[in-house]
Amino acid sequence: MTTRPHILTIVGARPQFVKAAVVSKSMVDHDIRETMIHTGQHYDPSMSDVFFEELETPAPAHHLAIGSGRHGMQTGRMLERIEQIILDELPDRVLVYGDTNSTLAGALAASKLHVPIDHVEAGLRSFNRRMPEESNRVVTDHLSSMLFAPTTAAVANLAREGITGDQVVLSGDVMFDATIAASEIAARRSTIIDRLELTPGGYILATIHRAENTDDPARLESIFRSLAEVSESCPVVLPLHPRTGKALARAGLLDFATERLRIREPLGYLDMTRLESSARAIATDSGGVQKEAFFHQVPCVTIRTETEWVELVEMGWNTICDPRADEIARHIVEARAPEVIRSNPYGDGTASRTIARKIMGCVEGDL
Ligand code: UD1
Ligand code: UDP
């Protein structure tokens with residue numbers, strides 16, 4: 001009798017719920033047994049529960065309820081709890097996603113217990129070590145046994161750091177799989193365009209949450225003044241990340257923002273997908289939203305000094321705009337789709353199947 005492979009998955013933040021939903025379904029199809037840990041890094045219902053409900057992901061077996069805190073404290077608390085669960089569950093492999101503190105804690109815990117690590121979204125680099133995500137990515141990649149890189153640029157980044165060979169798999173991007181799965185359902189079920197009284201193609205969708213933008217009051221003010229300027233010619237809808245809400249309140253800018261922009265609670269994935277697909281343009285500092293803009297063929301302005309998703313800039317779908325620059329509003333208003341449409345660098349929508357198949361092969365190879 002063969003034993004089913006047992007994978008321990010670690011998630012904790014909003015984008016990980018989206019990525020894990022599609023990979024989990026593929027693991028079921030491959031008869032892989034998955035045990036999921038939710039660290040509780042994100043915990044508001046609109047930042048967590050809604051994704052499990054809408055994407056029909058089974059409730060995690062372990063919910064650690066770690067909550068918010070400074071990096072060391074938050075990561076350390078996760079590490080202690082995840083270590084014990086690995087000792088109890090004895091998984092064949094540990095699966096982590098992206099670059100959050102939950103990713104780092106999962107990778108560290110597994111590595112110390114000599115459990116092989118699979119990293120989805122490996123090889124991304126901003127080359128900006130002041131971003132908390134950059135150290136999480138670098139450490140996780142160097143601890144991982146199997147690295148699922150979404151793009152050829154990610155494969156090249158890993159090669160520059162000496163990570164090559166069969167352990168690196170160009171899988172495509174699981175967020176593309178997720179967008180494909182959600183788009184048709186969102187078009188049928190989401191009523192957000194009517195609820196917000198919007199005209200398709202007649203609004204800008206914006207999201208801002210990166211620490212380097214929210215925690216610097218001058219940058220935060222520059223960004224929100226620019227979005228307010230855009231709203232004079234086109235409505236700007238902005239689902240507000242709790243981090244940004246708190247930062248705006250601290251900076252005395254919350255009233256200014258709510259009076260000028262259509263500020264809303266964080267949205268569920270289906271409403272977000274629907275809003276993205278009909279936006280005239282998207283302005284964001286999110287990693288995931290930059291790519292989703294492209295998946296929906298909507299031009300994007302990234303309000304950061306650099307991006308990990310360099311292909312989007314090369315293809316003309318994305319413009320990088322310094323958060324302190326005067327011309328943010330002009331870039332958003334003038335954002336257009338490129339004249340030459342090139343092929344999709346994020347795969348063919350089967351990344352999650354590739355990942356599940358590879359994981360299955362690794363465990364069988366280990367037996
Ligand atoms: C985290 C990730 C970031 C990712 C983002 C996705 C790290 C270091 N950062 O950033 O890479 O892009 O998630 O959204 O892991 N808060 C709430 N309710 C919640 C969650 C957070 O109020 O459910 C507030 C708290 O005040 C908290 C702050 O948001 O201190 C920041 O949350 P945290 O998870 O530390 O970082 P994010 O900015 O969400
Ligand atoms: N998202 C969402 N509702 C929102 C904002 C974002 O469903 O109000 C989704 C978005 O479509 C994408 C993911 O959350 O799938 C991106 O998460 P986020 O921007 O928080 O993190 P990042 O990708 O920057 O790490």
Side-chain angles (χ1 to χ4, degrees), residues 14-15 18 42 44-47 50-51 54 179 182-183 186-187 189-210 213-214 217 219-293 295-304 318-319 321 323 327-336:
R14 174 166 69 185
V18 174
H42 286 176
D44 291 346
S46 62
M47 295 291 289
V50 66
F51 294 90
E54 286 189 350
T179 295
S183 291
R189 283 203 219 147
S190 169
T191 56
I192 186 90
I193 301 277
D194 291 341
R195 289 201 322 273
L196 299 188
E197 298 180 348
L198 296 166
T199 312
Y203 62 92
I204 305 293
L205 175 65
T207 77
I208 295 293
H209 77 277
R210 294 247 89 84
N213 283 339
T214 56
R219 282 186 181 216
L220 189 70
E221 180 162 356
S222 163
I223 294 167
F224 276 83
R225 288 205 182 279
S226 301
L227 293 175
E229 193 182 327
V230 174
S231 75
E232 287 166 17
S233 58
C234 183
V236 176
V237 181
L238 189 142
L240 191 63
H241 190 291
R243 169 182 214 114
T244 315
K246 288 171 191 172
L248 286 170
R250 271 198 311 272
L253 287 168
L254 195 53
D255 287 346
F256 172 84
T258 37
E259 279 159 20
R260 285 162 181 82
L261 312 176
R262 308 247 190 128
I263 303 268
R264 292 293 177 275
E265 290 292 304
L267 296 170
Y269 188 61
L270 294 180
D271 279 344
M272 186 66 181
T273 299
R274 183 76 188 88
L275 269 191
E276 287 174 340
S277 66
S278 291
R280 187 171 110 190
I282 292 179
T284 190
D285 62 5
S286 158
V289 175
Q290 287 175 58
K291 282 178 295 169
E292 288 167 348
F295 300 152
H296 296 294
Q297 305 280 279
V298 171
C300 183
V301 173
T302 294
I303 308 179
R304 284 179 52 190
N318 195 348
T319 306
C321 194
E327 66 268 23
I328 301 175
R330 182 176 63 76
H331 280 301
I332 298 171
V333 170
E334 293 178 0
R336 298 280 178 278

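Computed over heavy atoms, backbone and side chain alike; hydrogens, waters and symmetry mates excluded. FYI, the numbering just counts along the sequence from 1.
- Judged by distance alone, with hydrogens and angles left aside, the side-chain atoms of T244 form a donor-acceptor pair with the main-chain N or O of I208 at under 3.5 Å.
- Residue pairs meeting the side-chain hydrogen bond (donor to acceptor under 3.5 Å, both in side chains) criterion with at least one partner in residues 191-203, sequence neighbours excluded, are T191-R195, R195-D271.
- Atoms CZ and CG, on F256 and L261 in that order, are 7.5 Å from each other to the nearest 0.5 Å.
- Closest heavy-atom contact between A293 and I282: CB-CD1, 3.7 Å.
- Side-chain contact between L227 and I204 is absent, with no heavy-atom pair separated by less than 4.5 Å.
- Here E292 contributes atom CD and C300 contributes atom SG; the two are 10.5 Å apart, rounded to the nearest 0.5 Å.
- The closest donor-acceptor contact from the side chain of S190 to the backbone of A187 lies at 3.5 Å or more, if one exists at all.
- Looking at every heavy atom in both residues, A251 comes nearest to L220 through CB-CD2, 4.2 Å.
- Residues M272 and V289 meet the side-chain proximity criterion, which asks for heavy atoms closer than 4.5 Å.
- Annotation: side chain of E334 is not in contact with side chain of E327 (no heavy-atom distance under 4.5 Å).
- In this structure, the side chains of L248 and L240 come closer than 4.5 Å at one or more pairs of heavy atoms.
- Smallest separation of non-hydrogen atoms from M47 and R14: SD-NH1, 3.5 Å.
- Although no hydrogens or angles enter the test, the distance criterion places no donor-acceptor pair under 3.5 Å between the side chain of S278 and the main chain of L275.
- Ring pair F51/Y269 is tilted by interplanar angle, where 30° to 60° counts as tilted.
- Contact of the V333 side chain with the C234 side chain is not registered, since no non-hydrogen atoms from C-beta on lie closer than 4.5 Å.
- In this structure, the separation between CG on L205 and CZ on R280 is 13.0 Å, given to the nearest 0.5 Å.
- Of all non-hydrogen atoms in A206 and V236, the two that sit nearest each other are CB-CG1, 4.0 Å.
- No side-chain donor-acceptor contact under 3.5 Å links Q290 to the backbone of N318.
- Residues S226 and A329 come closest through the heavy atom pair O-CB, 3.7 Å.
- Put simply, the side chain of T207 never gets that close to the backbone of T284: no donor and acceptor are under 3.5 Å apart.
- Judged purely by atom type and a 3.5 angstrom limit, N213 uses its side chain to pair as donor or acceptor with the backbone of I303.
- If you take CG on L198 and CG on L196, they are separated by 5.0 Å, rounding to the nearest 0.5 Å.
- With sequence neighbours excluded, the residues forming a side-chain contact (heavy atoms from CB on, under 4.5 Å) with S277 are R274, H296, listed by chain and number.
- Partner of T214 under the side chain to side chain donor-acceptor pair (under 3.5 Å) criterion, chosen from R243, R250, R219: R243.
- Here the closest non-hydrogen pair linking S286 and G288 is OG-N, 3.2 Å.
- No donor-acceptor contact under 3.5 angstrom links the side chains of S183 and T273, judged on distance only.
- Residues passing the ring pair (Phe, Tyr, Trp, His ring centres under 6.0 Å) test with H331, sequence neighbours excluded: none.
- With rounding to the nearest 0.5 angstrom, the CZ atom of R264 is 10.5 Å from the CG atom of L238.
- When atom types are taken as modelled, the side chain of R225 and the backbone of E221 share no donor-acceptor pair closer than 3.5 angstrom.
- A distance of 13.0 Å separates CZ in R304 from SG in C321, rounded to the nearest 0.5 Å.
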